[in-house]
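Structure record follows, encoded as structure tokens.
Numbers restart at 1 for each chain; the letters A, B, ... are given by sequence-line order, proteins then strands.
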Amino acid sequence: MYPYDAQAIEAKWQAFWSTHQVNDLENGPAAEDKPKYYALEMFPYPSGDLHMGHVRNYTIGDVISRFKRMQGYNVLHPIGWDAFGLPAENAAIKQGSSPAAWTFANIETQKKSLARLGFSYDWDRTVVTAEPEYYRWGQWIFEQLYKMGLAEKRESAVNWCPVDQTVLANEQVIDGKCWRCHSEVEKRDLSQWFFKITDYAQELLDDLDKLPGWPTRVKQMQANWIGRSEGAEVDFRLCRAGVGDPEGHVGSAADADDALSSEAERTITVFTTRPDTLFGCSFFLLAPESALAAELTEGTPYAAGVQEVIEIAKSASAIERQGTERDKHGAFTGRYVVNPVNRRKVPVWVADYVLTDYGTGAVMAVPSGDERDFAFARKYDLEIPPVVLAEDDPLYSELASEASLKVMDVPWVEAFAGSGKMVQSGPFTGLTGGKNSEGAKAVIDWLAERGLGRSSVNFKLRDWLISRQRYWGNPIPVIYCDHCGEVLVPEQDLPVVLPDDVDVTRGQTLKDSPAFYEVACPKCGKPAHRETDTMDTFTCSSWYYLRYTDVHNAQLPFAKSAVDSWLPVDQYIGGIEHAILHLLYSRFFTKALRDAGLLSFDEPFTNLLTQGMVKLKGETMSKSKGNVVAPEDVIARYGADTLRSYILFMAPPDKDLEWNNDGLEGISRFLHKVWKQVYNLTAEPQNDSPDSKPAAQAAANGADPQSPADRELEHQCHRVIKKVTADIERFNFNTAISALMELTNSIASYLKLPEGQRDPELERFAAFCLTLMISPMAPHMAEEMWHSALGADPEESIVHAPWPAYDPDKAEADQVEIAIQLNGKIKARIMVAADLPDADAETAAKETLSTQLEGKTLRKVIVVPGRLVNVIAN
RNA sequence: GCCCGAGUGGCGGAAUGGCAGACGCGGCGGUCUCAAAAACCGUUGCCGCAAGGCGUGCGAGUUCAACUCUCGCCUCGGGCACCA
């Protein structure tokens, strides 16, 4: 035996794995009879070297990959880089270099670190999104989506980050701030490219049910984000201008008749989830910045009021967004609409809490049933007629059978938004009211019969804004021609290559590269210019997992046969921060590409593991806080195997991990112990069998243990194989390592026996088990022991060794300790045979408790085999 | 406000409704050593000399038996939030 020198061993085997390409996927016929397994970790963004979060993510994926390989799967385990994006530009500006130089240098750094950690990637399948071989196909996919009507350019109010000088998708605005630089996001009206993810809103929601292997938390977050609401559209007729009282209060039915009969004005449709409260609608609201509000008030004395609300909304947004209770602002427009259900004439106001881009931008206000409308009505002194009441409300007994509106104001301090009984609601009075209630359905039916409304569904999800006014991204393959308009770059001209003559350090953009910008129209040949926006980096990461299956394809982004045989990803692993962003976009891409006929599955990731963060003293590690533990420092001191094992052992993978240097010492001690034991176990003089494969032989033959100590060690080996196998399958890596520690403790006891009393075959078997089982976590050390202690074929890697099997009989103990309870309280523990019949266990328990049972009446005896006997007596 | 999680020794954490605290860290005691480190051995939930008692955020309930299931709270973490 020689001392465990992690640095030397790790360098040696990393070189071996690299030259022998042990982790490359065998695509040959030999692999065809093996089941496929696609293990994937979210690829890194190359911003500097790897941090502990990466190490955790990739260690988990590596253990799963190695384990599955040993179990006989054909494992696809690739890596790549999400290489476009703003940080590269910012770094380039800061350092006076180029985004490409910075990015590719970081990729080299990370590549070395990944190799230094011993991760078993198929390096032949690496994908880098900033390389034309990859982004070409991103452009191609854009064109497919365009042809399907899923990509379009349109004018819209969009999120604009003034610091990063670009627009942002809804998903990239967190609490009103830019997800990257945290500056306040503004609204701007711009013409931008969108992917129509909303076309898939319903399917994206429904198919969450097809993902039992995803954490409920993530599914819940996506469901919230998609935000489906069921309800109805209701048509309100706008009264002719000049009708109504100037106060802006509810008018009479006669007024309404007058307004409607004299001139059929336009219809304004609203969306509501509470059609059952329609009778309680006492005013009507428009978003202040809506075109309709401007149109209705233009040239009237009310225009100034509306303008004021718009100003308030703009100026106060920063502060008010932070507050829990935002003050509401509104103004009367001078106009009225007619409530279709009772023909009451209600005033139209603008209110800053009405969103332009949800529903129709217009709202029927029911102050008695909606908190916001209630607050607005109180502030502007508008009527609050009660229409849905809780049955224990004192008002209810008074109004239970009242069909017409009598009570115009509720005495409450807040709105009642719950389920209750409908009152003052004409023919619907007495029905149950509430979301999706019988009353709501009855009102929808009534409206639908008369053509005044219809059931409807709304989503919070917005289309995905993919334009970015930045250089370092995938160019949008579109040319603008004065004659032909918007023209796609012909497929044979792809990729549109990102030019390298743009100097971002001088604030240049793609427009400043004439060679890029000035171009002939592909249709008419006349001078035209290219789109200068690039695509959101999330478009690059929405399909990289497909490209891995067919990285070198020069005809297509991937062959259908390749993705259909490898996908969906069996296990995806990454951080919770992508619960909505990347994971929602990727699901959308998969569905869109399926509809384009490019693949034939519905969901990209069957199982998802969201790993917890690595923290130091309760805080997230970050360079700016200066509380970073650098992986390279830990590797330099202890080696990669120790770091990997430590990170697996300290916490279950989905929980946050608190960094602790003492724990690191502990795991290091454990690995040294394993090393020492494996060499001690195999140090016995061997029976001169140089040619055979002793390890495999030991496993096949098993041992023939004689002594109780032999039987105990053998049992422990089988028990631990069973446990470690089950634990890794459930990703309980921490308890898998605990079980291996237990095995080393058993081996330590066995090794205390004098040499003559130990069975060399059994010792080899124990060494064999320990080495194989630790190999997914500590692969370098395992590989060294596999060869130098267990005598494996010098050309073969432990990567390809089969996972050890256990004998179910031997995995169970012969003797077990059972608890003897009297009335549920433990009184004694006794050793019995594991297969002791219940009747005998009962007898043994009664004997044990004989003195305590004296003078008592036996009521009942419960025997749980192998665990306990509970005697009930009094 | 709404929706998810999570609360177990000094610490990280274990427990298909069946012996709470596996495993590790730390602590204490010891062997070896001139000494220390390393290594190894023993011990370690709390109170108690002991017998024994108390213990999984709090309060009820179901059960022979509850960390685990049910109901009602408390605290912490996360997500969403004027979505009609």
Which part of the nucleic acid, if any, lies within contact of [X], taking any heavy atom under 4.0 Å across all strands shown: a base, the sugar-phosphate backbone alone, or nothing?
{"X": "A:Val871", "answer": "nothing"}
{"X": "A:Asp656", "answer": "sugar-phosphate"}
{"X": "A:Arg462", "answer": "base"}
{"X": "A:Glu658", "answer": "nothing"}
{"X": "A:Lys615", "answer": "nothing"}
{"X": "A:Gly227", "answer": "nothing"}

In whole angstrom, what separates [X]'s [atom1] from [N]'s [atom2]?
{"X": "A:Phe649", "N": "B:rC11", "atom1": "CZ", "atom2": "P", "result": "17 Å"}
{"X": "A:Trp179", "N": "B:rC80", "atom1": "CH2", "atom2": "P", "result": "14 Å"}
{"X": "A:Phe376", "N": "B:rC82", "atom1": "CZ", "atom2": "P", "result": "17 Å"}
{"X": "A:Glu665", "N": "B:rC25", "atom1": "CD", "atom2": "P", "result": "10 Å"}
{"X": "A:Gln220", "N": "B:rG78", "atom1": "CD", "atom2": "C1'", "result": "13 Å"}
{"X": "A:Gln222", "N": "B:rC4", "atom1": "CD", "atom2": "P", "result": "16 Å"}
{"X": "A:Trp214", "N": "B:rG5", "atom1": "CH2", "atom2": "C1'", "result": "18 Å"}
{"X": "A:Asp352", "N": "B:rA84", "atom1": "CG", "atom2": "P", "result": "18 Å"}

**OP:** For the residue pair A:Val309 and A:Glu289, establish whether any side-chain heavy-atom pair is separated by less than 4.5 Å.
**Re:** no
Between [N] and [M], how far apart are the two [atom1] atoms, rounded to whole Å?
{"N": "B:rG13", "M": "B:rA6", "atom1": "C1'", "answer": "14 Å"}
{"N": "B:rU62", "M": "B:rC69", "atom1": "C1'", "answer": "8 Å"}
{"N": "B:rU8", "M": "B:rC71", "atom1": "C1'", "answer": "22 Å"}
{"N": "B:rG55", "M": "B:rG48", "atom1": "C1'", "answer": "15 Å"}
{"N": "B:rG59", "M": "B:rG52", "atom1": "C1'", "answer": "28 Å"}
{"N": "B:rG78", "M": "B:rC64", "atom1": "C1'", "answer": "41 Å"}
{"N": "B:rU16", "M": "B:rG21", "atom1": "P", "answer": "13 Å"}
{"N": "B:rA22", "M": "B:rA14", "atom1": "C1'", "answer": "5 Å"}

Atom pairs, N/O to N/O, protein against nucleotides 14-21 of chain B, distance under 3.5 Å?
from: B:rA14; atom 1: OP1; to: A:Asn734; atom 2: ND2; distance (Å): 3.1
from: B:rC19; atom 1: O2; to: A:Arg829; atom 2: NH1; distance (Å): 2.0
from: B:rC19; atom 1: N4; to: A:Glu817; atom 2: O; distance (Å): 2.6

Nucleotide of [options] approaching [X] most closely (side-chain heavy atoms):
{"X": "A:Glu742", "options": "B:rG24, B:rG5, B:rA22", "value": "B:rA22"}
{"X": "A:Thr216", "options": "B:rG5, B:rA84, B:rG24", "value": "B:rG5"}
{"X": "A:Lys676", "options": "B:rC80, B:rA39, B:rA84", "value": "B:rA39"}

Original post:
Charged N to carboxylate O below 4.0 Å: is that the case for A:Lys441 and A:Glu230?
Top reply: no
Subject >> Check: A:Phe283 ring centroid to A:Phe376 ring centroid under 6.0 Å >> reply: yes
Original post:
Are A:Phe459 and A:Trp225 an aromatic pair by the rule of ring centers under 6.0 Å?
Top reply: no
Subject >> Residue whose closest nucleotide on RNA chain B lies nearer the 5' end, A:Met364 versus A:Ile174 >> reply: A:Ile174
**OP:** Using the closest heavy atom to pick a nucleotide of RNA chain B for each, name whichever of A:Ala748 or A:Val218 lands nearer the 5' end.
**Re:** A:Val218
Taking atom types as modelled and ignoring hydrogens, do the side chains of [X] and [Y] form a donor-acceptor contact shorter than 3.5 angstrom?
{"X": "A:Arg719", "Y": "A:Gln716", "result": "yes"}
{"X": "A:Asn661", "Y": "A:Tyr646", "result": "no"}
{"X": "A:Gln677", "Y": "A:Thr744", "result": "no"}

Subject >> Pairing annotation in dot-bracket form, given for RNA chain B with Watson-Crick or G-U pairs under 3.5 Å and | for cross-strand partners >> reply: (((((((..(((.....[....)))((((((.......))))))(((....)))..(((((..]....))))))))))))....
Is [X] close enough to [N] that one of its side-chain N or O atoms is under 4.0 Å from OP1 or OP2 there?
{"X": "A:Lys825", "N": "B:rC54", "value": "yes"}
{"X": "A:Asn745", "N": "B:rG24", "value": "yes"}
{"X": "A:Arg669", "N": "B:rA38", "value": "no"}
{"X": "A:Tyr353", "N": "B:rA84", "value": "no"}

**OP:** Indicate yes or no for a side-chain donor-acceptor contact from A:Asn823 to the backbone of A:Ala873 under 3.5 Å, with no hydrogens or angles considered.
**Re:** yes
Subject >> Backbone of A:Lys615 reached by a side-chain donor or acceptor of A:Thr620 within 3.5 Å >> reply: no
Original post:
Hey, does the side-chain of A:Lys460 have a donor or acceptor N/O within less than 3.5 Å of a partner on the base of B:rC80?
Top reply: no
Original post:
Angle class for the A:His578/A:His582 ring planes (parallel below 30°, perpendicular above 60°, tilted otherwise)?
Top reply: perpendicular
Original post:
Once the angle between the rings of A:Trp464 and A:Tyr585 is folded into 0 to 90°, is it parallel (under 30°), tilted (30 to 60°) or perpendicular (over 60°)?
Top reply: parallel
Subject >> Full working for side-chain contact (heavy atoms from CB on, under 4.5 Å) between A:Asn224 and A:Ile226 >> reply: CA-CA 5 Å; A:Asn224 282 345; A:Ile226 295 167; over 6 Å; no
Original post:
Going by a 90° cut-off around 0, is B:rG42 syn or anti?
Top reply: anti
